[in-house]
Amino acid sequence: MRKKIGVLALQGAFIEHIHMLEKLGATPVEIRQKSDFTPALDGIILPGGESTVMGNLLHKTGLFEPLRNALAEGLPALGTCAGLILMAKNAEDSAHKHLCVLGVTVRRHGFGRQINSFSTEGDFAGQGQVPMVFIRGPYITAVEDGVEILATAQDKIVAVRQKNLLGIAFHPELTGDTTVHEFFLKKVLTND
């Protein structure tokens with residue numbers, strides 16, 4: 001049976017995640033309003049974009065509470081860049097708190113401004129080298145107990161897993177490499 005994965009489609013790089021899911025045989029569902037967010041979803045992707053804008057839109061559309069509750073109750077989620085920031089319990093350089101479900105502290109724009117965007121490669125979760133694209137990328141400065149570090153770049157934590165939550169500071173959807181999305185579909189969704 002094909003996995004049905006919601007993709008938060010309020011703002012940011014959601015279409016690239018949709019294409020990646022289709023490539024892997026999953027069924028993507030665009031989540032734009034509260035009625036799109038159904039219990040029939042096997043998981044959800046929170047894409048990159050602008051975390052403050054996305055947080056405001058979650059409230060405006062009525063998605064904030066249902067999404068936060070679903071994640072807290074075990075709905076598998078992949079948050080990339082701004083999606084990571086949305087899930088994080090703390091952000092060092094922001095007064096905004098969002099979903100607060102992932103036991104990490106992030107530094108927004110930790111790698112610098114847009115002009116400092118870069119690409120590199122690094123090991124991801126023992127799955128081998130993956131391309132990592134950072135666009136005004138955050139990084140993780142602290143993790144709570146129960147959070148597994150999956151990848152680093154420039155000696156900074158850039159990927160973690162906490163049970164059903166996968167937080168990634170880079171943009172795997174902007175490369176042709178499917179490793180991160182496969183890990184989400186095969187490991188996180190099945191709680192392996």
Check: [Y] and [X] side chains under 4.5 Å, non-hydrogen atoms:
X    : Y    : answer
T178 : K23  : yes
V7   : E30  : no
I168 : C81  : no
K3   : T27  : no
L166 : F183 : yes
V106 : M87  : no

Practice prompt. Go through the structure and list residues passing ring-ring contact (aromatic ring centres under 6.0 Å, His included) with F64, not counting sequence neighbours.
Written response: H59

Worksheet entry | Residue pairs passing the salt bridge (charged side-chain N to carboxylate O under 4.0 Å, His left out) test where at least one lies in residues 57-66, sequence neighbours excluded | E65-R68

Show every donor-acceptor pair shorter than 3.5 Å between a side-chain atom in residues 142-158 and any protein atom, with sequence neighbours excluded, or say none if there are none.
from, atom 1, to, atom 2, distance (Å)
E144, OE1, K89, NZ, 3.2

With a 3.5 Å cut-off and sequence neighbours excluded, list the donor-acceptor pairs that the side chains of residues 118-126 form with protein atoms.
from, atom 1, to, atom 2, distance (Å)
D123, OD1, G128, N, 3.2
D123, OD2, G126, N, 3.1

Worksheet item: Is it the case that T141 and R107 place a side-chain donor and acceptor less than 3.5 Å from each other?
Response: no

Spacing of [atom1] belonging to [X] relative to [atom2] belonging to [Y], to within rounding of 0.5 Å:
X    : Y    : atom1 : atom2 : value
L63  : D36  : CG    : CG    : 7.5 Å
F184 : R161 : CZ    : CZ    : 10.0 Å
I31  : I5   : CD1   : CD1   : 10.5 Å
L165 : L99  : CG    : CG    : 9.5 Å
E182 : L24  : CD    : CG    : 5.5 Å

Transitive ILVMFWY side-chain link [X] to [Y], under 4.5 Å:
X   : Y    : value
I44 : V180 : no
L21 : F37  : no
I45 : L75  : no
L84 : L78  : no
L46 : V133 : no

Worksheet item: Taking only residues at least two apart or on different chains, which pairs with a member in residues 148-178 satisfy ring pair (Phe, Tyr, Trp, His ring centres under 6.0 Å)?
Response: F134-F170

Practice prompt. Just jot down the salt bridge (Lys or Arg N to Asp or Glu O under 4.0 Å) partners of E22, sequence neighbours excluded, or say none.
Written response: none

Worksheet entry | salt bridge (Lys or Arg N to Asp or Glu O under 4.0 Å) against K163, all qualifying residues, sequence neighbours excluded | none

Taking side chain to side chain donor-acceptor pair (under 3.5 Å) as the test, write out the residues that go with [X], two or more places apart.
X    : answer
T179 : D177
N164 : none
T105 : none
K187 : D192

Worksheet entry | Exam field: side chain N56 to backbone V53, donor-acceptor pair closer than 3.5 Å | no

Response to the item:
Shortest non-hydrogen pair, S51 vs L86, comes out as O-CD2, 3.6 Å

Worksheet entry | Smallest separation among heavy atoms of A82 and M54, with atom names | CB-SD, 4.0 Å

Run the side-chain donor-acceptor check on residues 11-20: report pairs under 3.5 Å with partners two or more places apart or on a different chain.
from, atom 1, to, atom 2, distance (Å)
Q11, OE1, E50, N, 2.9
H17, ND1, H181, NE2, 2.9
H17, NE2, T80, OG1, 3.2
H17, NE2, E173, OE1, 3.4

Discussion item. Quick one, V104 with N90, criterion side-chain contact (heavy atoms from CB on, under 4.5 Å). Give me CA distance, side-chain angles, the key distance, then yes/no.
Written reply: CA-CA 6 Å; V104 299; N90 298 296; over 6 Å; no

